[in-house]
2 protein chains.
Amino acid sequence: MTAPPHDARRGTSGTPLPDTQQGMRRRNLSRVMHAVAAHGPLSRAAVATRIGLTRAAVSTLVDELIRSGLLDELGPERPGNKVGRPGSALAVSGSGPVGIGAEVGVDHLSVCAVDLRGEVRARAVRQGDNRGRAPEPVLEELGALLRQVSDEARRAGLRPAGLAIAVPGLVARGTETVVRAPNLDWQDVDFGALLPGGLPLTVDNEANFGALAELWLGDGVPHDFLHVSAEIGIGAALVVDGRLLRGTRGFAGELGHVPVWPDGPACPCGGRGCLEQYAGEEAVLRAARLDPGADRVGLLAERAEQGDEDVRRALRDAGAALGIALTGAVNLLDPRSVVLGGALSRLAPWLLPSLEGELRRRTAGTTCAVAVSGLGSDGPLLGAAHSVVRAVLDDPAGAAA
Amino acid sequence: MTAPPHDARRGTSGTPLPDTQQGMRRRNLSRVMHAVAAHGPLSRAAVATRIGLTRAAVSTLVDELIRSGLLDELGPERPGNKVGRPGSALAVSGSGPVGIGAEVGVDHLSVCAVDLRGEVRARAVRQGDNRGRAPEPVLEELGALLRQVSDEARRAGLRPAGLAIAVPGLVARGTETVVRAPNLDWQDVDFGALLPGGLPLTVDNEANFGALAELWLGDGVPHDFLHVSAEIGIGAALVVDGRLLRGTRGFAGELGHVPVWPDGPACPCGGRGCLEQYAGEEAVLRAARLDPGADRVGLLAERAEQGDEDVRRALRDAGAALGIALTGAVNLLDPRSVVLGGALSRLAPWLLPSLEGELRRRTAGTTCAVAVSGLGSDGPLLGAAHSVVRAVLDDPAGAAA
DNA sequence: ACTATTTCGTCATGGCACTTAACAAATTAG
DNA sequence: CTAATTTGTTAAGTGCCATGACGAAATAGT
């Protein structure tokens, strides 16, 4: 229904969008919101110097944003400045719009509401294996959770401004249709048709939302990195210049099928020796001589911690394969860092030594830091909710409603 | 001195540039120029509908551009429209600014001047091996060629608006310093200091300029592709959404050191089994049992054409290795196509079958077209000159002088 | 305590960029 | 030859930000 927020502003053809005064106004409203959201409570004067407009101009912008309920005036502020009249502190409203984020995982459904300040204001989770279930009943349950969270938010005086859903599968660029979700065994599921409408809807890959969460919430992470996450497949998401690189069809980031040993075992994808054959969940479990059961990642972590040599070797080998695949990616993309997220962050202690070893040996000089995500398994959910929040910050006028 | 033109418009930090009315004017001037440059002679009314402004607004913009000498009024035009007053055709000026492009190759120096219409208006080449020569005498010769071309352009009433130089090596992002050019055996050469000033200078990798040439001049190539070129090393340049992906330090595109067979022969880069060990010029010559001499690419093409089995096998194997490395890249980036440029375009007939074979087998479904560049060896030079032209189109107000 | 200084937010004025609306000019259709 | 259509220009209008001046609120100095 609505275009993905993060590619906005780019015209469809070579000619960008026309530039009118209203567009200028909208962009400046957005700049004010971003400045206040990113750099804590700020006075009008501080905003003005920060975004390069005059105090007078910022005053009118702020007035409009306060009237729309997107900014709050907190009252006089004790400023860092020593002398002069204190400014009136402005903060993004904690009682205006909220972004609704949802995640359809293989073993859970979760929904949350995040306000403009980034606080989680409502939350609902339903555990339960969704593998092999038909889309309709799953999305019906998801709808119930969504209603629950929306109602809770509304009771708190908040207004849902949009809905973003993270799914473990490929989503065709610009649509709400899941083309293929191997772990759920879903194909061509149109979320727009199966969920009650009413809110602007965005559906995207969980790896993408996880990377965006890292970009927006991770600390110290620059806006140029490669985010690797593994659930059952291995997905990567590339953030370049603070923007997600989606690829022509939206299928970018298929790290799992990068060839590692080109003559290696055949892969369902048609190739041979894909990374997934060495570092995918199934492959690691097999190499560790463990049976696939529930909470397999937890099991691996537990055994590794206990010192199980088979498990440790399996993880070491997986890390080496990851390191080789990442060497290619780092050579191609020159990111500032690589971030391990999702299940990988939990297994990082045993993956990292061999991973970093391969990477460093093969990219001498081109030092690329490897970091572990601090967001844990909440990344995709938070990224989804925050994507709605960002959409509001990116166009406050359009989202004021 | 000036920032690379293609990353412009992006603020230094999270907060973008402020939006003032003057900025709006500049952007709209740019839109007019782009519309006229891209879509042939156009009337004011046609420009207006195309860029979404009113005829009145476009009229004042066009007046200003004509006064600056960037647009020419050709006179009444026979329009496609059946009825109504004919418009007055506008075209970008053929007598205004020109972009000066230069290329420092291993066996030649070349310089050209391209006007806003994209026509090459002056040109100078000096053949001769530059391998191992010190930077100073080479750049002195280049300076002589530059003067020659600039003078010729000036005699034709043209005004050099900027200088862009393509070099076979790595250039640190945003600088004019060649960090490392292995084939010339140069390190940390500051072009800005060694060339006479006076013009805004940009120095960049030849692969990058080759890709930009493909983007701007290639026909049918979309603005999402992976451009592969091989001189002695193998470089790639990624164009995403019409923008060059440079990487954090400007070192993106090092396809030559993507691991292909991780246990393969050691590579000077410190890794093992890098693509360059299989498809690099030296490796191919060795496999073909040919001695390195002058015009080695030409020799390979000639022998392959004559049916030399050793050469053909060597090229077949190189193509397969390329296909494997590209499989990784395609999986990661999901480009619309892969374009073979530079020396590869000449050898394409013998590389393509195995290359496409590997690529197609390993990326079933994810069809990614492989194309051969039509620009030949002129790509980098033309890309450099056109980058200056684009800078003028991108900010006509700033470049009017 | 009182004044000078500094900084903040607002207001009135002005300039700039685009839109709207009207019009003359140039061409085709009937 | 008139009506219709399209172009380019002009004049008035609106929106948005800059400029400069002002009162308000706090600190520093005497």
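Protein chains get the first letters and strands the later ones, always in sequence-line order, with residue 1 at the start of each.
With D/dT10, D/dG8, D/dT14 as the choices, the nucleotide that has an atom nearest any side-chain atom of B/Ala56 turns out to be D/dT10. Relative to the side chain of A/Arg44, the nucleotides C/dC18, D/dC17, C/dG9 differ in distance, and C/dG9 lies closest. The B/Leu61 side chain lies nearest to C/dC18 when the options are C/dC18, C/dT10, D/dT9.
In this structure, CG of B/Leu42 is placed 11 Å from P of D/dT7, rounded to the nearest angstrom. One interatomic measurement links the two molecules: CG of B/Asp19 to P of D/dA18, which rounds to 10 Å at whole-angstrom precision. A/Glu73 places its CD atom 14 Å from the P atom of C/dC8, with the value rounded to the nearest Å. Computed from coordinates, the A/Arg27 CZ to C/dA17 C1' distance equals 13 Å when rounded to whole Å. Rounded to whole Å, atom C1' of D/dG15 lies 16 Å from atom CZ of B/Arg25. Rounded to whole Å, the distance from CD1 on B/Ile51 to P on C/dA17 is 15 Å. Separating the CD atom of A/Gln21 from the P atom of C/dG15 is a distance of 16 Å, rounded to the nearest angstrom. Remark: P of C/dA17 and CG of B/Leu65 are 13 Å apart, rounded to the nearest angstrom.
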Reading nucleotides 22-30 of chain D from 5' to 3' and marking B where a protein heavy atom lies under 4.0 Å of the base, S where only the sugar-phosphate is that close, and - otherwise, the string is -BBBBSS--
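Within the 3.5 Å criterion, the main-chain N or O of B/Leu70 finds no donor-acceptor partner in the side chain of B/Ser93. In this structure, A/Ser68 contributes its side chain and A/Glu64 its backbone to a donor-acceptor pair below 3.5 Å.
Looking at which nucleotide of DNA chain C each of A/Ala89 and B/Val58 is closest to, the 5′-most match is held by A/Ala89. DNA chain C is contacted by both A/Gln22 and A/Ala45; A/Ala45 maps to the nucleotide lying nearer its 5′ end (nearest heavy atom per residue).
Counted within 6.0 Å of CZ on B/Arg25, heavy atoms from surrounding residues, nucleotides or ligands total more than 12; the atom is thus considered enclosed.
Proximity of B/Thr54 to the phosphate of C/dT19: a side-chain N or O atom is located under 4.0 Å from OP1 or OP2. Of the side-chain N and O atoms in A/Asn28, one or more sit less than 4.0 angstrom from OP1 or OP2 of D/dC17. Phosphate proximity of C/dG9 to A/Ser59: absent, as no side-chain N or O sits under 4.0 Å from OP1 or OP2.
Residue A/Arg50 comes nearest to A/Ala35 through the heavy atom pair CD-CB, 4.0 Å, listed as atom of the first residue, atom of the second, then distance.
Looking at A/Val47, A/Leu71, A/Val62, A/Asp395 one by one, the single match for side chain to side chain contact (heavy atoms under 4.5 Å, CB included) with A/Met33 turns out to be A/Leu71.
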Can you give me the N/O atom pairs linking the protein to nucleotides 1-3 of chain C at distances under 3.5 Å, or say none if there are none?
none

